[in-house]
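Here's the structure we're looking at; comments come further down.
Just so we're on the same page: letters track the sequence lines, and every chain starts at 1.
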Amino acid sequence: MQTARDAGLVGCTRCGKVWPAQTRECGRCGAALKRVDTAGLQAVWAWWFAGLIFYIPANLYPMLRTSTLAGNQQNTIIGGVIELITHHSYFVAAVVFVASVVIPVSKFIAIAYLALAVGNEHRAGAHRHLHLFEVVEFIGRWSMVDVFVVAILSALVQLGAVVSIHPGPAAAAFALSVALTMLSAQSFDPRLIWRGPARTTGP
Amino acid sequence: MQKPPIDQLIACPKCDALHHARHLGENERAACARCGTLLITPRARSFLHVIALSFTAMILMIAAVFFPFLKISAQGFSHASSVFEVAMAFSDGLLAPLSLAVLMLIVGLPIVRFGALIYTLWPLANARPAWPHARRVFRLAEELEPWAMAEIFIIGTGVALVKIGGLASVSLGPAFWAFCALIIVNALKNAFLSQWTIWDAIGQK
Ligand SMILES: [Zn+2]
Ligand SMILES: [Zn+2]
């Protein structure tokens, strides 16, 4: 199978149009043309570390502050999941746990794995790597669900002295972490998956 | 070996494999021979569908912002919230920027996308040349796609409803149903969207 790079060309990752290798901008859709180059991985790692840094306070600080007649209560992400379990809402507990813990953590691992695997002769695993990348790209934005839950609860549950819910600082850290990892995944060029070390010097 | 002209080639955005556009049929979907990524989904006369659906989605979104979204009541107290108020839940103190971000993710960016699609496709559907900056506008619509999170917001609403379940009773307002309809309209619109066809149509002067 011949690639655009083998043919001395560069393909537009936005619209698929092909241009001579030195072209800077796609003449059809106007997107910047990116060569298949490991230099782009620096951006992937930069966003990745930034996302990871914000994921830590997202777990340490409270996501929600609930005040009821019985007193005040603060819940972290994990605390919220545990509370749902004690109320026997197992399904929703699972949804929140998957969206806020399983997806973010596996996303960090998956992006790091994909970025580290670039350059190894992984031709046999390329299809699986691409599949993993597509899953990461598709599923990453769904982590934002917990931020929306906090927003809805805080806006709605304002019943004076009976019960009121306020957002905690973890909501902002978590939203930032999700956005930064989305940027990390978007900066990863899936065309690198198909590149072995033998080809990195060009045709 | 004869080299095909460069403007008849397509490079797969996921694996860089080169394909000959002419070999990819007019009415069938064309997938990359190497990695299977969908390269072309031609749908004849789909522009009008996309315009109609984007317009509907925009109206629904405007309704969803201003009508009551959810109403809660417990022990004689009650409180109603619009989608706008939901976004403003973070508006006091240090979390204020998050309010703006949430408002953009669930309302602003979806509306910008619908508007951008209508702007791009309206002249094309009427067999006129594209309006100025149509390329940039359509590219914006494409780039914003992962950041428009209306459908994730509705899932979030479901989770929130269960969490409140024990505390109080919640009734769903018209904006909730408008939002649900919006998700369906948006999904239909995406099914009719054929990027390759649109890029080709914009390019024809
Ligand atoms: Zn292009
Ligand atoms: Zn491909």
Side-chain angles (χ1 to χ4, degrees), chain A residues 1-7 9-20 28-31 36 80 84 87 89 91-92 95-96 126-127 130 137 140-142 144-160 162-163 167 169 171-172 175 179 182 186 190-191 193-194, chain B residues 6-7 9-18 33-37 39-40 70 72-75 77-79 81 85-90 94-95 97-98 101-102 105-106 135-136 138-139 142 146-147 149 152-153 155-157 159-160 162-168 170 195-196 199 202-203:
Chain A
M1 182 110 256
Q2 198 189 25
T3 65
R5 189 183 137 117
D6 296 336
L9 303 166
V10 58
C12 174
T13 46
R14 173 67 52 198
C15 76
K17 203 85 184 150
V18 177
W19 305 94
R28 185 204 208 192
C29 73
V36 188
L84 279 166
H87 287 93
S89 305
F91 178 70
V92 180
V95 170
V96 175
H127 285 276
L130 180 64
E137 231 190 358
R141 46 205 289 280
W142 285 91
M144 211 57 109
V145 79
D146 220 27
V147 177
F148 297 148
V149 172
V150 172
I152 293 164
L153 290 176
S154 315
L156 193 60
V157 185
Q158 295 295 340
L159 296 174
V162 182
V163 56
M182 279 176 71
Q186 284 175 14
R191 296 175 301 178
I193 290 172
W194 309 80
Chain B
I6 194 169
D7 61 328
L9 293 172
I10 303 177
C12 173
K14 293 276 163 71
C15 76
D16 210 32
L18 269 185
R34 186 204 225 174
C35 72
T37 300
L39 297 175
I40 307 183
L70 298 171
I72 184 176
S73 41
Q75 298 174 30
F77 290 88
S78 78
H79 182 75
S81 285
E85 284 164 319
V86 169
M88 287 303 132
F90 300 115
L94 284 171
L95 292 173
L98 186 56
V102 167
L105 295 176
I106 59 183
R135 285 197 329 181
R136 195 177 303 165
F138 184 57
R139 194 148 47 85
E142 288 286 287
W147 302 98
M149 299 189 178
I152 300 173
F153 178 66
I155 302 295
T157 310
V159 175
V162 176
K163 280 198 165 190
I164 298 171
L167 290 171
V170 181
Q195 281 83 358
W196 180 267
W199 284 125
I202 295 175

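Minimum interatomic distance between A/R28 and B/R135 (heavy atoms only, all atoms of both residues): O-CD, 2.9 Å. B/E85 and A/A155 get closest at one heavy-atom pair: O-CB, 3.5 Å. A pairwise comparison of heavy atoms in A/A151 and B/A89 identifies O-CB, 3.4 Å as the closest pair. Residue B/W196 comes nearest to A/G16 through the heavy atom pair CZ3-C, 4.2 Å, listed as atom of the first residue, atom of the second, then distance. In terms of heavy atoms, A/P190 sits closest to B/P13 at CG-O, 4.0 Å. Nearest heavy atom pair, residue B/G156 against residue A/V149, reads O-CG2, 3.4 Å.
Residue with the most contacts toward chain B among A/S89, A/A179, A/S154: A/A179 (heavy-atom pairs, distance under 4.5 Å). Top candidate by heavy-atom pairs under 4.5 Å with chain B, chosen from A/P167, A/G11, A/G30, A/A31, is A/G30. Note on B/G165, B/C35, B/P146, B/A17: by heavy-atom pairs under 4.5 Å with chain A, the leading option is B/P146. Per-residue heavy-atom pair counts under 4.5 Å with chain B were compared for A/E137, A/Q186, A/H87, and the maximum is reached by A/Q186. Of all the listed residues (A/V18, A/T13, A/L84), the one sharing the greatest number of non-hydrogen pairs under 4.5 Å with chain B is A/V18.
Taking CE of A/M144 as the reference point, atom CZ of B/F153 lies at 13.5 Å (rounded to 0.5 Å). For the atom pair SG of B/C15 and NE2 of A/H127, the computed distance is 8.0 Å after rounding to the nearest 0.5 Å. Distance check: A/L156 CG to B/T157 OG1 gives 10.0 Å after rounding to the nearest 0.5 Å. Note that SG of A/C15 is 10.0 Å distant from CZ of B/F138, once rounded to the nearest 0.5 Å. The structure places CE of A/M182 at 4.0 Å from CH2 of B/W147, a figure rounded to the nearest 0.5 Å.
With a 4.5 angstrom heavy-atom cutoff, A/V96 touches chain B only via side-chain atoms. Of the two parts of B/L18, the backbone and the side chain both hold a non-hydrogen atom closer than 4.5 Å to a non-hydrogen atom of chain A. A/V157 touches chain B through backbone and side chain together, each having a heavy atom under 4.5 Å away. In this structure, chain A has no heavy atom under 4.5 Å from any part of B/Q195. B/T37 touches chain A through its side chain: at least one heavy atom from C-beta onward sits under 4.5 Å away, while N, CA, C and O do not. Interface residue B/L95: only side-chain heavy atoms are found under 4.5 Å from chain A. Only the side chain of A/V95 comes within less than 4.5 Å of a heavy atom in chain B; its backbone stays farther off.
Counting heavy atoms from C-beta on, the side chains of A/P169 and B/L94 never come closer than 4.5 Å. A 4.5 Å side-chain heavy-atom check between A/L153 and B/I164 finds at least one atom pair inside the cut-off. The side-chain heavy atoms of B/F90 and A/V150, taken from C-beta on, include a pair separated by under 4.5 Å. Looking at heavy atoms from C-beta onward, A/T3 lies in side-chain contact with B/R34 at the 4.5 angstrom threshold. With contacts defined as side-chain heavy-atom distances shorter than 4.5 Å, the pair B/L105/A/F148 qualifies.
Side-chain atoms of B/R139 come within 3.5 Å of backbone N or O of A/C29 as a donor-acceptor pair. For the pair B/D16 (side chain) and A/V36 (backbone), a donor-acceptor distance under 3.5 Å is absent.
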Apply side chain to side chain contact (heavy atoms under 4.5 Å, CB included) to residues B/V162 and A/F91 and explain how you reach the verdict.
CA-CA 10 Å; B/V162 176; A/F91 178 70; over 6 Å; no
